[in-house]
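Sending over a structure as structure tokens; questions will come in a sec.
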Amino acid sequence: MNRLLSLLFHQGVLDEQFLQLQQLQDQTSPNFVSEVVTIYFHESEKQLRNLRNLLLDREMWDYVKLGIHLNQLMGSSSSIGAKRVRNICAAFRTAVEQNNRSACMRALEVLEHEYCYLKNKLHELFQIEQQRVLGDAVRYPGVVHQQ
């Protein structure tokens, strides 16, 4: 798990905010990080869907709504430490501010790709953590595992 987490930091996928989120997890809320990230993914998928629908609507090109959805996605990405997603949102917002539709479409493609990468890697990270906790429970039955 530490190797994967180190890789994600080295690649700039995550930043120190993710570590701060992990520090909030304890025995009273052992799944805190995965629960917060699950909510993030659920809400982010809605934002991505809204962005795609707005960009594909040839009749109504609403830069204000695009900006609103991007700001929400950027804020929630920042709150969980999703650094690359946040940075792509910022670049996307610049394209929106310049009313550059083709740059917005390219930015959306990059954003969707990066979001999928983040989701897959965090899912992998949580699976490794879950296997570790289950392994500890098998090796040390009756002992409460501390995070």
Report the distance from atom CG of Leu5 to atom CD of Glu129, rounding to the nearest 0.5 Å.
-> 10.5 Å
In Å and rounded to the nearest 0.5 Å, what is the NE2 to CG distance from His10 to Leu7?
-> 7.5 Å
Output the distance between atom CG (Leu55) and atom CZ (Arg101), rounded to the nearest 0.5 Å.
-> 7.0 Å
Backbone N/O of Cys116 and side chain of Asn120: donor-acceptor pair under 3.5 Å = yes
Are Glu112 and Leu51 side-chain neighbours, meaning at least one heavy-atom pair lies under 4.5 Å?
-> no
Do Tyr40 and Val85 have side-chain heavy atoms sitting under 4.5 Å apart?
-> yes
Met74 backbone acceptor or donor facing Ser78 side chain under 3.5 Å | no
Roughly how far apart are Ile88 CD1 and Leu70 CG, rounded to 0.5 Å?
-> 11.5 Å
Do His69 and Lys46 come close enough that some side-chain heavy atom pair is under 4.5 Å?
-> no
Value for SG (Cys104) from CD (Gln98), rounded to nearest 0.5 Å, stands at 9.0 Å
Give the cluster check for Leu19 versus Leu4: same hydrophobic cluster or not, with ILVMFWY residues linked at side-chain heavy-atom distances below 4.5 Å.
-> yes
Specify whether Phe41 and Tyr115 have parallel, tilted or perpendicular ring planes, treating 30° as the upper limit for parallel and 60° as the lower limit for perpendicular.
-> perpendicular
Quick one: are Phe18 and Gln22 in side-chain contact, heavy atoms under 4.5 Å?
-> yes
To the nearest 0.5 Å, atom CD1 of Ile39 lies from atom OG of Ser76 at 11.5 Å
For the residue pair Ile80 and Gln17, establish whether any side-chain heavy-atom pair is separated by less than 4.5 Å.
-> no
Shortest non-hydrogen contact from Leu14 toward Lys83 | C-CB, 4.1 Å
Nearest heavy-atom pair of Lys65 and Leu54: which atoms, and what distance?
-> CB-CD1, 3.7 Å
Identify whether Met105 and Val110 are in the same connected component of the hydrophobic contact network (ILVMFWY, side-chain heavy atoms under 4.5 Å).
-> yes
Chi angles and distances behind the side-chain hydrogen bond (donor to acceptor under 3.5 Å, both in side chains) call for Ser29, Asn31 | CA-CA 6 Å; Ser29 55; Asn31 300 319; over 6 Å; no
According to a 4.5 Å side-chain heavy-atom criterion applied to Ile, Leu, Val, Met, Phe, Trp and Tyr, with indirect links allowed, do Phe92 and Leu56 form part of one hydrophobic cluster?
-> yes
Check Val13 against Glu114 and note the closest heavy-atom contact, atom names and distance.
-> CG2-OE2, 4.1 Å
Say whether Val37 and Leu24 are linked into one hydrophobic cluster, either directly or through other cluster members, by side-chain heavy-atom distances under 4.5 angstrom.
-> yes
Is the shortest distance from a Lys or Arg side-chain nitrogen in Glu109 or Arg106 to a carboxylate oxygen in the other one below 4.0 Å?
-> no
Non-hydrogen side-chain atoms of Phe32 and Asp26 separated by less than 4.5 Å | no
Would you check, one step at a time, whether the test side-chain contact (heavy atoms from CB on, under 4.5 Å) holds for Leu111 with Leu73?
-> CA-CA 10 Å; Leu111 180 58; Leu73 183 57; 3.7 Å; yes
If you take all heavy atoms of Leu118 and Ala82, which pair is closest and at what distance?
-> CD2-CB, 3.6 Å
Atom of Arg84, atom of Gln11 and distance for their closest heavy-atom approach = NH1-O, 3.0 Å
